[in-house]
There are 4 protein chains.
Amino acid sequence: MANSKYEYVKTFEQPDNLLSRTWIVIRIDGRGFTKLCSRYGFEKPNDRRAIDLMNSAAQCVMKDIPDLLLAYGVSDEFSFLFHKDCTLFQRRSNKLVSTIVSTFTGYYVHLWTNFFPDKPLIPPLPSFDGRAVLYPDVTSLRDYFSWRQADCHINNLYNTSFWSLIQKAGLDARAAEKRLSGTVSKDKHEILYAECDGMNYNREPDVFKKGSVLYRSFELESRHALLGSSETSAPETPTPQSKTVAEKDRKRRLKATVAIEHIDIIQEDFWNQRPWILSGKTGRLPDDNAKEKS
Amino acid sequence: MANSKYEYVKTFEQPDNLLSRTWIVIRIDGRGFTKLCSRYGFEKPNDRRAIDLMNSAAQCVMKDIPDLLLAYGVSDEFSFLFHKDCTLFQRRSNKLVSTIVSTFTGYYVHLWTNFFPDKPLIPPLPSFDGRAVLYPDVTSLRDYFSWRQADCHINNLYNTSFWSLIQKAGLDARAAEKRLSGTVSKDKHEILYAECDGMNYNREPDVFKKGSVLYRSFELESRHALLGSSETSAPETPTPQSKTVAEKDRKRRLKATVAIEHIDIIQEDFWNQRPWILSGKTGRLPDDNAKEKS
Amino acid sequence: MANSKYEYVKTFEQPDNLLSRTWIVIRIDGRGFTKLCSRYGFEKPNDRRAIDLMNSAAQCVMKDIPDLLLAYGVSDEFSFLFHKDCTLFQRRSNKLVSTIVSTFTGYYVHLWTNFFPDKPLIPPLPSFDGRAVLYPDVTSLRDYFSWRQADCHINNLYNTSFWSLIQKAGLDARAAEKRLSGTVSKDKHEILYAECDGMNYNREPDVFKKGSVLYRSFELESRHALLGSSETSAPETPTPQSKTVAEKDRKRRLKATVAIEHIDIIQEDFWNQRPWILSGKTGRLPDDNAKEKS
Amino acid sequence: MANSKYEYVKTFEQPDNLLSRTWIVIRIDGRGFTKLCSRYGFEKPNDRRAIDLMNSAAQCVMKDIPDLLLAYGVSDEFSFLFHKDCTLFQRRSNKLVSTIVSTFTGYYVHLWTNFFPDKPLIPPLPSFDGRAVLYPDVTSLRDYFSWRQADCHINNLYNTSFWSLIQKAGLDARAAEKRLSGTVSKDKHEILYAECDGMNYNREPDVFKKGSVLYRSFELESRHALLGSSETSAPETPTPQSKTVAEKDRKRRLKATVAIEHIDIIQEDFWNQRPWILSGKTGRLPDDNAKEKS
């Protein structure tokens, strides 16, 4: 049973390597999560356990794949960032997307009982789909993350208003929808205060208002802090790292803690204070510091 | 925080719809399974529990996604087939690949304890990557599946010989490799018989020799049986189904049992006896039959 | 000035090979031909010289590129067909499209004075754009050509009616447009007869009504004629030709006359009587025949 | 003959829009120009008339397509640059490539007799193929053009040495090739001086040593000169031009002279002194200036 006569079928596989020197965002989305929410009785408008599960799964993905620089999550979606110079899997689109989606799903299912101990998973299991999007410069890349965070805010303000009208003001879904129709942001703040037991939207938890930002935690070194982001200061000439440096770098990434924060990523501050994210270089680990001082 | 100023970033998403009227194969592969095998002590050359877990996960994928026609698995890989006229997710490549990979991974992790109750999963969890390959005609499509099954046979004969030389003939890995170097199929059969306690390769289990074939089980109706595969008999004109027919069809698929067999898919017989696989039409369910007779 | 430091820029070139075993249609379209028509005073609704120029250019393209099987032209567009097994330029899309477009344009400009001796070309020169479209089976491929020929008919009937109302019935453009608004095919036939000096659309020249079909002229051999097109009769197994056969084949193609006809390609007849077009095999040349007989 | 039943074939056309905000280079290459050179007796190592014809054709392409920023040509190839924000043809790859190739070929054939009045073109006519390559940042983009110019230098030094050894030192091709084998740049300079009648490579015409650079000629305004290239100074935020501004801009481009120069484009100077090329903005036209002063 010689295999050679069939091997020509391999020629039907088409290359899908993503353009070099371009930022890669992999966004994954829950499939049919509306149904999932109701099946497992997720709280409305936000279920903290469900969000913590999403964040834990994303944290594990970042731990397993050290090339990842950043992840931003909200609701049932998560966006993962690879550096423009990343060469993982020769930048093959399907390979990158499927690996992220697979790793995320595995942890989501595996960690489920930690967050919903009383609600065992039953088929069909939760699943996610994914896509790769390329951004050629830091401006469009940051605008992508701003878009997701602005979207988080807009949706959360709406959902908080909608469910508060139901849960606190006693409206039904149709009435709540009608009440909010045509309202702008300011109106919703007022509705919450005036009609929903004096709710103050600004006091809602940041995890709901801003979503979740995951990145590797390095110490801010003063030189970096002054220089700001790599895009404006570093020379663009591609200087491939030596293998030793690359390997040392990889180990540092694997060792770094993956922080989960609920903060603004639209403004400059987030990026300026963590210059290693966009530079793709590793910063100093807290205990490197310790060693050096001692 | 108006979102409109950021929305232009959506234009960076590029369409990846797969060519119409072309067979879609999604192949998934385990990532780093050599390490996984040794971590969880999989038996060599084949671990029946590991294969049964793969097959169960694939069966669940076929249950969850009724558009799938066929799946073929061997070792840590599985190939899933969509019909050339399938329009699921508008045939978007990343969406199809990621959905299959995610669903498969979810079940693999979820079902793990059923097959390895004494070996709890610890991070990094098993994960899979995937790719989509298009085949424009039935000849190349069947050659694809023949390629995978021939590959299964070749690898299994080698691995069985290699591990038997170690386990039964007492060779070490290097010696076993050297013993097999340059041998053809017939030689390996003889080595097994002469040097490994009279092993007869032909009596090895089909699940190892032929891999696993999954498909929906319908009753063979005589008309179909006579007509053979759709490619040669059915008119090629695209006749879109009415919505009612499509929905009825979908329900039949969801209801059908997904069979797992370990049989030859290189020869005509497999395909001729199950004409519904390539026709993409549903056959008669055993109990439809029953109802009708009564 | 070592070049090696810049060579990395080659890695930005992305492969664009078209899916194997799939029919390739390259369609080219005149750019801004409405302006061109008025600048050079093309006759309305059809300018025979302009069409003959298009056809001559296409004939030269077919002469220069022996892999081409067929070309169909109407107005300022032409569609060229490569066989599904064609491997020219490793099936690279941009290379195939640009070569056809370039060759066509060169001849169009070069031959212009033969057809418009009194109207020298002045910049901006006529130009064409092109695209590649894949068809995985003969049904969709033939439907593509049927689509273009049906389109030719519909447009020509409208244009003939519109310009006859102006030229023979004395209407202005607006009135002619209004007269035709909402009419079906039959109405237009009647308008031509009743309002435009008894014109009979069916007696209009076939070159306007059916467009132009170009193919290599081989003698119909009885065996072929009986067998019909390769799709239904020949085994699909890919049997690569020997180099000698391929070269002989290529020479025959180069030697064959490229016929220009204005006939129906929607019905079976055209294809059945010229089985070599879709089989991709060469037929017998008239003088092969002669040689053999002598 | 309703066309609607065939229209589904349009769905086989697949989108090929190039990634947004990325520099587009279209490179075209002569097909089979070695044969062409010998058929029309081009001079060796460089035929000035052939190069002037290439440059004239490229100049006409830039005149016809105002979106083009720059063109660089050497031998039988030309690279054309579109701005990263260019939206011509919705950035469809095949459309951009085929339009450039078609326009270039048309002029090449049309202008031929101006440069080779005594050598009428005979079929097969000269033709070109083309491809699109994307560069996400100015560094890689400039490295692309440096790569082409360094390549020009290396090839021209070799060819000049090779043909001088034949034409002046009386070697045959094989001997000349052997003489140059293993030599570096400096050696070739010495061979030219010592063995080929005291030739000084540095005194060879720049058009051969550096190739040809085409760009629209605007006056250097001091503000621009100080600011340098857009990449480092201009805000990256996408601020779409108003329609009026865009139209005025377009007119200025159409009006600007297209300069042809044979100068270094590897160093900063070229780009710093012509900031409008990469900024994609139009500069001041010489007569705008005149008007203003008057």
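What's counted below: heavy atoms across the whole structure, side chains too, no hydrogens, waters or symmetry copies. Nothing here was measured: the structure is a model prediction, and the numbers come from that model. Every chain is numbered from 1 and lettered A, B, ... according to where its sequence line falls, protein lines coming before strand lines.
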Got a salt bridge between B/Asp29 and B/Arg31, using NZ or NE/NH1/NH2 to carboxylate O under 4.0 Å? no
Between A/Leu180 and A/Ile191, is a side chain to side chain contact (heavy atoms under 4.5 Å, CB included) present by the stated rule, with each step listed? CA-CA 9 Å; A/Leu180 294 172; A/Ile191 286 170; 3.9 Å; yes
When you check the side-chain N and O atoms of [X] and [Y], is any donor under 3.5 Å from an acceptor?
X        : Y        : value
A/Tyr144 : A/Arg27  : yes
B/Asp151 : A/Tyr6   : no
A/Asp137 : A/Ser140 : yes

Heavy-atom pairs under 4.5 Å with chain B - which of A/Val133, A/Asp129, A/Val101, A/Leu125 has more of them than the others? A/Leu125
What option among A/Phe128, A/Tyr135, A/Phe104 has the most heavy-atom pairs under 4.5 Å with chain B? A/Tyr135
Does any heavy atom of chain B fall under 4.5 Å from the side chain of [X], the backbone, both, or neither of them?
X        : result
A/Arg131 : both
A/Arg148 : neither
A/Asp64  : side chain

Determine the option with the most heavy-atom pairs under 4.5 angstrom with chain A, choosing from B/Ser102, B/Ala132, B/Ser127, B/Cys60. B/Ser102
If you tally heavy-atom pairs under 4.5 Å between each of B/Thr103, B/Ile100, B/Thr99, B/Leu157 and chain A, the highest tally belongs to B/Thr99
Segment of B/Phe89 engaging chain A (4.5 angstrom heavy-atom cut-off): side chain
Ring center gap for A/Trp23 and B/Phe12 short of 6.0 angstrom: no
